[in-house]
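Read the structure below first, then the notes.
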Amino acid sequence: MREIAFIKQNKSKWVEYEDVVYNNRLQTPDYLANMYLQIMNDLSYAQSFYPKSKVTQYLNQLSIQTYQKIYKTKRIEQNRFVYFFKTEVPLLVYQYRNHLFFAVAIFLLIVSIGFLSAANDLGFIRLILGDYYVDTTLENIKKGDPMAIYQSGSNWGSFISITFNNLMVGLNFFILGIFLGVGTLLYMVYNGIMLGAFQYLFIQENAFMDSFRGIWLHGAMEITGMVLEGFAGFVLGSSILFPKTFSRINSFKTGFTTGLKIYIATIPFTVFAGFIEGYVTRYAKSMPDVINYIIIFGTLGLIVYYFFIYPFKVAKQLKNKIVDGK
């Protein structure tokens, strides 16, 4: 059967299933079980004859959402908090993984632009970071303590103010996605250009390793978190731009809920990064290098594993359960 005929033959059925899954329309357990089997049959057929088609990707996502709906009652009996972080968010990240890869690629490109702009015009650094910050940083570098700016204020006060600020920055990344994703993109441009120029300032002053051992103590998790919050914003924006077979309002509701869940999942990492910046970064200069590197690569590995590796493992486990009929 040609793909277009396959889609035409089953489209009305799939639209009905979408309504059940995404609009929470109540159905009997028998109906849901039959619905699930129908979707799996269609997915199996599509995987055999149209393996690289968008319809196969669509049916795969629909099967995952249907599976989650069937096991909703069982899920509630579990610890809801544990389920959210252990299963729900990873599956959402996997489902929208293309948006995640887009966010990473765009952010790296923007940081590179900021870095190269600063390298070609030193005045660009002052334009982006401001004279006061640049002059203060240069003075600290001359004194042999590039991280001196992080030693002001109390540990607790720094932790609270930094964490609150970072949470608001992350919320902006997400909420600005409502402007078709353009708001998130512009906010990412602002922060990415600043990061690129900031990092080049230390390289230009031969203080890169000092900045790496100090700033990236908290920055490894904080900056990665910004990319993930941008990812949440792009999910929201694309739900408005590309509703697919849904009405635009239903697509928006799904995109907002999904993006919000992704943002919420970044909060523990943001808080932990704030804790490191408030309590640990100020001691970066006096700590053994090995401790610095353990913290940097340990925190980076933790957040990368959870958002970039673990979702694929959860999705694979779910597919195995589906295949086994469990």
Side-chain angles (χ1 to χ4, degrees), residues 81-82 84-85 89 107 111 128-130 132-137 139-141 143-176 187-188 190-192 194-195 197-199 201-202 207-233 260-307:
F81 180 83
V82 172
F84 178 79
F85 284 98
V89 169
F107 188 75
V111 172
I128 297 298
L129 300 178
Y132 174 77
Y133 184 86
V134 172
D135 290 338
T136 301
T137 301
E139 186 64 27
N140 290 334
I141 291 174
K143 293 178 180 178
D145 191 6
M147 300 298 104
I149 194 170
Y150 292 98
Q151 297 172 15
S152 60
S154 65
N155 290 341
W156 176 253
S158 296
F159 165 56
I160 294 299
S161 61
I162 289 168
T163 300
F164 179 77
N165 177 73
N166 290 344
L167 288 173
M168 293 307 298
V169 168
L171 187 60
N172 285 336
F173 268 111
F174 165 56
I175 292 297
L176 289 173
Y187 201 55
M188 187 172 281
Y190 170 76
N191 285 277
M194 185 180 296
L195 175 61
F198 169 82
Q199 194 60 80
L201 171 63
F202 285 90
F208 171 72
M209 289 309 299
D210 289 325
S211 73
F212 181 78
R213 287 190 296 267
I215 297 167
W216 289 93
L217 275 174
H218 59 270
M221 188 170 281
E222 180 182 309
I223 300 303
T224 307
M226 287 170 50
V227 176
L228 294 165
E229 290 149 0
F231 159 47
L260 180 61
K261 288 178 179 179
I262 293 170
Y263 167 70
I264 291 173
T266 68
I267 290 178
F269 297 97
T270 301
V271 172
F272 189 42
F275 174 83
I276 294 174
E277 187 170 356
Y279 282 88
V280 181
T281 300
R282 64 182 63 224
Y283 305 113
K285 184 179 179 181
S286 59
M287 287 195 308
D289 288 347
V290 66
I291 301 299
N292 292 60
Y293 296 142
I294 288 174
I295 295 174
I296 292 169
F297 293 108
T299 54
L300 178 62
L302 182 64
I303 193 169
V304 167
Y305 175 80
Y306 181 74
F307 284 98

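Start at 1 with the first residue, then count along the sequence.
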Test side chain to side chain contact (heavy atoms under 4.5 Å, CB included) on L300 and W216; report intermediate values, then the result. CA-CA 9 Å; L300 178 62; W216 289 93; over 6 Å; no
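- K261 and V89 make their closest contact through O-CG2, 4.1 Å (heavy atoms, listed as atom of the first residue, atom of the second, distance).
- Residue F272 qualifies as open at atom CZ: its count of foreign heavy atoms under 6.0 Å is 12 or below.
- No side-chain heavy atom of I276 sits less than 4.5 Å from a side-chain heavy atom of M221.
- Residue-environment remark: OH (Y190) stays at or below the threshold of 12 foreign heavy atoms within 6.0 Å.
- Aromatic ring centres of F307 and F231 lie farther apart than the 6.0 Å criterion allows.
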Apply side chain to side chain contact (heavy atoms under 4.5 Å, CB included) to residues L228 and I303 and explain how you reach the verdict. CA-CA 10 Å; L228 294 165; I303 193 169; 3.7 Å; yes
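- Looking only at side-chain heavy atoms (C-beta outward), F275 and H218 stay at 4.5 Å or farther from each other.
- For I162 against G274, the heavy-atom pair with the smallest separation is CG2-CA, 4.1 Å.
- For the atom pair L176 CG and Y187 OH, the distance stands at 7.5 Å (nearest 0.5 Å).
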Verify side chain to side chain contact (heavy atoms under 4.5 Å, CB included) between F159 and V271, making sure each step is shown before the conclusion. CA-CA 9 Å; F159 165 56; V271 172; 4.1 Å; yes
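- Side-chain contact between V280 and M287 is present, with heavy atoms from C-beta onward closer than 4.5 Å.
- Side-chain atoms of L195 and M226, non-hydrogen and from C-beta on, never get closer than 4.5 Å to each other.
- Residues F212 and F202 fail the side-chain proximity criterion, which asks for heavy atoms closer than 4.5 Å.
- A donor-acceptor contact shorter than 3.5 Å links the side chain of T299 to the backbone of I296.
- Distance CG/L171 to CD1/I264: 10.0 Å, rounded to 0.5 Å.
- Put simply, CG on N292 and CG on D210 are 10.5 Å apart, with the number rounded to the nearest 0.5 Å.
- For the residue pair L129 and M194, the shortest heavy atom distance occurs at CD2-CG, 3.4 Å.
- Taking the six-membered ring where the residue is Trp, Y263 and F174 present parallel rings, their angle staying beneath 30° rather than reaching 60°.
- Here OH of Y293 is found 10.0 Å from CG of L217. Values are rounded to the nearest 0.5 Å.
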Side chain to side chain contact (heavy atoms under 4.5 Å, CB included) between N191 and F173, intermediate numbers included: CA-CA 10 Å; N191 285 277; F173 268 111; 3.8 Å; yes
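- Inter-residue side-chain proximity for E229 and T270 is flagged as met; some heavy-atom pair is nearer than 4.5 Å.
- In this structure a side-chain-to-backbone donor-acceptor pair under 3.5 Å is present from N140 to T136.
- Between the side chain of Y306 and the backbone N or O of F85, at least one donor-acceptor pair lies under 3.5 Å.
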